[in-house]
Colleague: 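Below is one structure. I have some questions about it.
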Amino acid sequence: MSRDYNQFPDDENGNVLWQMHQDGDDLQEAHEIEFSLVFSDEEQADRCALYLLKEEQKISLFQDEESATLEWIITIYVYMEPTYEDIVDLEQWFSKIAAEFQGEYDGWGCMAYVYDDELDEEESSLRNS
């Protein structure tokens with residue numbers, strides 16, 4: 001299968017999406033994408049979290065006690081089709097918001113949704129037996 005560089009540009013986001021596609025993940029289906037913001041100041045993290053809630057974003061906020069310095073992490077959960085353009089747009093928006101509250105944008109990820117049709121057919125035939 002040859003890579004379509006219009007759909008999967010040659011950068012970090014394009015590479016992740018291309019890998020998801022090659023792994024059999026259906027990128028036409030909506031996924032819950034997790035975008036992360038990192039803060040060194042708890043008050044700023046709290047202020048940013050409130051701002052994101054007012055923007056009707058689904059979020060979680062926690063203190064990362066395993067980091068070398070105390071950090072507060074906001075994870076923003078966006079249910080969407082993972083297209084390159086939409087991810088880049090959201091990264092820019094979340095980067096701007098993080099900077100307004102003295103934080104940093106820290107990337108995105110999601111669970112892979114890979115379905116094995118052959119396995120589904122076998123399970124179906126076993127249930128019908």
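Counting from 1, the numbers follow the sequence of the chain as shown. These numbers were taken from a predicted model, which means no experiment stands behind them.
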Colleague: When you compare the side chain of Ile97 with that of Glu55, does any pair of heavy atoms fall below 4.5 Å?
Modeller: no
Colleague: Are the aromatic rings of Tyr79 and His31 close, with centres under 6.0 Å apart?
Modeller: no
Colleague: Is Ile76 linked to Ile73 within one hydrophobic cluster, defined over Ile, Leu, Val, Met, Phe, Trp and Tyr using a side-chain heavy-atom separation of less than 4.5 Å?
Modeller: no
Colleague: Given side chains that start at C-beta, do those of Gln7 and Tyr84 come closer than 4.5 Å, heavy atoms only?
Modeller: no
Colleague: Quick one: CG on Asp46 to CD on Gln44, what's the gap to the nearest 0.5 Å?
Modeller: 9.5 Å
Colleague: Check whether any side-chain heavy atom of Pro82 sits under 4.5 Å from a side-chain heavy atom of Glu29, and report yes or no.
Modeller: no
Colleague: Above 12 or not: heavy atoms from other molecules or residues under 6.0 Å from CD of Gln102?
Modeller: yes
Colleague: If Ile, Leu, Val, Met, Phe, Trp and Tyr residues are connected whenever their side-chain heavy atoms lie under 4.5 Å apart, and connections chain through other members, are Leu53 and Trp93 in the same group?
Modeller: yes
Colleague: Using a 4.5 Å cut-off on heavy atoms from C-beta on, say whether the side chain of Arg3 contacts that of Gln22.
Modeller: no
Colleague: For Phe39 and Phe101, I'd like to know if the aromatic rings sit close, meaning centre-to-centre distance below 6.0 Å.
Modeller: no
Colleague: Is there side-chain contact between Ile74 and Leu52, with heavy atoms separated by less than 4.5 Å?
Modeller: yes
Colleague: Leu37, Met80: one ILVMFWY side-chain cluster at the under-4.5 Å cut-off?
Modeller: yes
Colleague: Which pair of heavy atoms, one from Met20 and one from Cys110, lies closest together, and at what distance?
Modeller: CE-SG, 3.4 Å
Colleague: So which heavy atom on Tyr105 is nearest to which on Ala98, and how close?
Modeller: N-CB, 3.8 Å
Colleague: CD/Gln63 to CD/Glu42 distance, rounded to the nearest 0.5 angstrom?
Modeller: 6.5 Å
Colleague: Answer with yes or no whether the hydrophobic clustering places Ile33 together with Val38; edges join I, L, V, M, F, W, Y residues whose side-chain heavy atoms lie under 4.5 Å apart.
Modeller: no
Colleague: Which pair of non-hydrogen atoms, one from Tyr77 and one from Ser60, has the smallest distance, and what is that distance?
Modeller: OH-OG, 3.1 Å
Colleague: Is there a path of hydrophobic side-chain contacts, each under 4.5 Å between heavy atoms of I, L, V, M, F, W or Y residues, that connects Leu90 with Val88?
Modeller: yes
Colleague: With no hydrogens and no angle check, just 3.5 Å: does a side-chain donor-acceptor pair link Glu91 and Asn13?
Modeller: yes
Colleague: If you count heavy atoms of other groups shown closer than 6.0 angstrom to CD of Glu43, is the number above 12?
Modeller: no
Colleague: Any non-hydrogen side-chain atom of Trp108 less than 4.5 Å from a side-chain atom of Val16?
Modeller: yes
Colleague: Given side chains that start at C-beta, do those of Asp10 and Asn15 come closer than 4.5 Å, heavy atoms only?
Modeller: yes
Colleague: So do Thr69 and Glu71 actually touch side chain to side chain, heavy atoms under 4.5 Å?
Modeller: yes
Colleague: Is the distance between the ring centroids of Phe35 and Phe94 under 6.0 Å?
Modeller: yes
